Amino acid sequence: MSHEGVWSPSTATTSVARSATNELERRALVELALSPPRARGLADSTRWVSLGSILLVATVWECVGRSLDPLFLSYPSAITRAFLEMLLTGELVRPVMASLVVFAIGLGLALGAGIGLGLLMGRFPLARYLLDPYLYALDATPRVALIPLFLLWLGLGGTSKGAIVFLSALCPVAISTLSGVRTVSASLVEVGRVFGAGDAVVFRKVVIPAALPFILAGARLGTGRALIGIITAEMLTAVTGTGGLLVRYAGALATDKVFVLVGLLGLAGALLGGAATALDARWTPWTAAGGRGSLAPRGGNSPGGRP
Amino acid sequence: VGPRPESSSAAVGIALGRRWSPEDHPAQLRIASVAALLVVWEVFGRRADPLLFTYPSAVGRAGLDLLRSGELLRQLPQSLGVLGAGLGVSVVLGVTMGLVAGRSRLLEAALAPHVNALSAMPPVALIPLLMLWFGLGFGVKVATVFLFAFPPVLVNASTGARGVSGSILDVGRVAGASRWQLLLKIVLPASLPFILTGVRLAVGRALVGMIIGELLTALTGLGAMLMLYANIFETAHLFAVVLLVAALGVGLSQVAQLVEARLTGWKATERAIR
């Protein structure tokens, strides 16, 4: 149910007989003919089908694109050429670096504050009831609606973009952390108590580690939202950064260069998502899918979803 | 989520003479917190520069002003039309493609790289291209909403369809159902909980898409109002529109949750029995 996760085609099912643990079981399964051998079809080589599908789309795009006005729809080879040209002239470096710095600072602050806020609200009911109206209201508000307000207050520079990144990522992180803390299994806490741990120790040594998969799921969601936030803010100000560059290329009808940036942003999204998954697998090896799948908090990735 | 501690202890009657605990008064604490914030905001907001900051009573007045001048009634339907059209196309297309892809490994493998690429990239980046193709009108905003809302519906529908238990499908086959009947009468209802989760996620994202599309085209709708009032330093009006968008977000997500709970009630009973 992790829609932010990678949609992997189900791998071809191995026949039941091959999954048998020993010879006897295998023979029994074969005799029972639970899974009659079937001819290997195209559907068994999912990887090749995926690759073929990508090639097909690229070919059709190339053919159709070449016959249309290049201002309207570019085509893959022209986009590759534009990418190489942009690399050689170095026009990408400054805007991308500007975006990266703002993004990293905003996201870092949001992770720190979001996890802190989630833990605080999870630990102390007083803090939870005083603060949760704002957290859920902010979460249900599209943060992009606040962009004009921040531009008004903080100007067109890096500060307002950093603030947008911060706010975009804050809610998913805080809410996910909170629901992680709130759903820690009572038996884990009781085991800690039995061993004589006080509230503070239980919180530090039982609750926080148990909430880690939720915290990471929140961080992953927050990263995606932050990417949307910064690009939107930069497109609206149209001055600096990758979003500004995007608007300028589109204004100049340089469709091939727009596609280069779109591709790079897709790559950035995939890399950030992949990094979050890798951290998840490394830090929470005890969850089946490394914290993904059914453990991904349903309340956490939904606007206004109360735990 | 188990029973709340206060209700269980109250039932046994051991809560008598307990110390005051915040756990017992969630609603009062929330109301007090919001009221305190409003008072502080009103007091400090009145002292600040009205061009940059505002206060609750001014926001209330601005909201009434928007309502009376007819501005809101002109722009809100525009926004809701965009939202409804984009969301509708996303749900119809996402559910259809998701169900079929979830039952066919071939189609799933062919679609997966493209869908993954689409959901990894921030959809905003495509808006300049959409403007080039669709102009600045209704079409570009619907397309933006679609780009935001489509991936979660598709992915959840296909996850649901893939997980439909083989035994219910066999029951259908034994009863002589055709492929289409299997899909419509068994796979669709069985994947409904997943589909509705996808739709709930899509509603929130569609609202974001709607606002972004309107901010960037800046012609009609709530997003255009936000841009306008920010540019002319009408901060109170800006806040009124932001609050309206927030209310829309809360309302829509509540409706989506309600529909989800209502339509998948059987799922909860099934779990309770097991």
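The chains referred to below are lettered A, B, ... by the order of the sequence lines, with proteins before strands, and numbering in each begins at 1. Since we're looking at a predicted model, the values are computed, not measured.
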S253(B) and R200(B) side chains, donor-acceptor separation under 3.5 Å: no
Contact winner vs chain A - I212(B), L118(B), V241(B), heavy-atom pairs under 4.5 Å: I212(B)
Short side-chain donor-acceptor distance under 3.5 Å, S74(A) and T255(A): no
Option that, when pairs with chain A are counted at under 4.5 Å, heavy atom only, ranks first among N231(B), L132(B), T235(B): L132(B)
Heavy-atom pair count under 4.5 Å with chain A, highest-scoring of V153(B), L216(B), I127(B): L216(B)
Flag if over 12 foreign heavy atoms under 6.0 Å of CH2, W48(A): no
Interface moiety of F124(A) toward chain B, non-hydrogen atoms closer than 4.5 Å: neither
Largest heavy-atom contact set with chain B, pairs under 4.5 Å, which of L253(A), V57(A), T242(A), L151(A): V57(A)
Interface residue of largest heavy-atom contact number with chain A, from L248(B), L129(B), V208(B), under 4.5 Å: L129(B)
side-chain contact (heavy atoms from CB on, under 4.5 Å), paired with L126(B), selected from V258(A), L246(A), V262(A): V262(A)
Part of L238(B) lying under 4.5 Å from any heavy atom of chain A: side chain
Side chain, backbone, both or neither of F259(A) within contact of chain B (heavy atoms, under 4.5 Å): side chain
Part of Y229(B) within contact of chain A (heavy atom distance under 4.5 Å): neither
Greatest number of heavy atom pairs closer than 4.5 Å to chain A - which of A117(B), G198(B), A125(B): A125(B)
Contact origin within A110(B) toward chain A - heavy atom pairs under 4.5 Å: both
Under 4.5 Å from a heavy atom of chain B, the part of L56(A) involved: neither
CZ/F233(B): more than 12 non-hydrogen atoms of other groups inside 6.0 Å: no
Pairs of heavy atoms under 4.5 Å with chain B: top-ranked of G52(A), A145(A), G269(A), G251(A): A145(A)
Side-chain donor or acceptor of R205(B) paired with backbone N/O of A149(B) under 3.5 Å: no
R103(B)/E108(B) salt bridge by N-O under 4.0 Å criterion: no
H114(B): partners by ring pair (Phe, Tyr, Trp, His ring centres under 6.0 Å), with sequence neighbours left out: none
Options L261(A), L131(A), I231(A), I54(A), ranked by heavy-atom pairs under 4.5 Å with chain B, top entry: I54(A)
Beyond-backbone contact of K161(A) with E234(A), side-chain heavy atoms, under 4.5 angstrom: yes
Heavy-atom proximity to chain B below 4.5 Å, by part of R47(A): neither
Donor-acceptor pair, side chain of T217(B) and main chain of G213(B), under 3.5 angstrom: yes
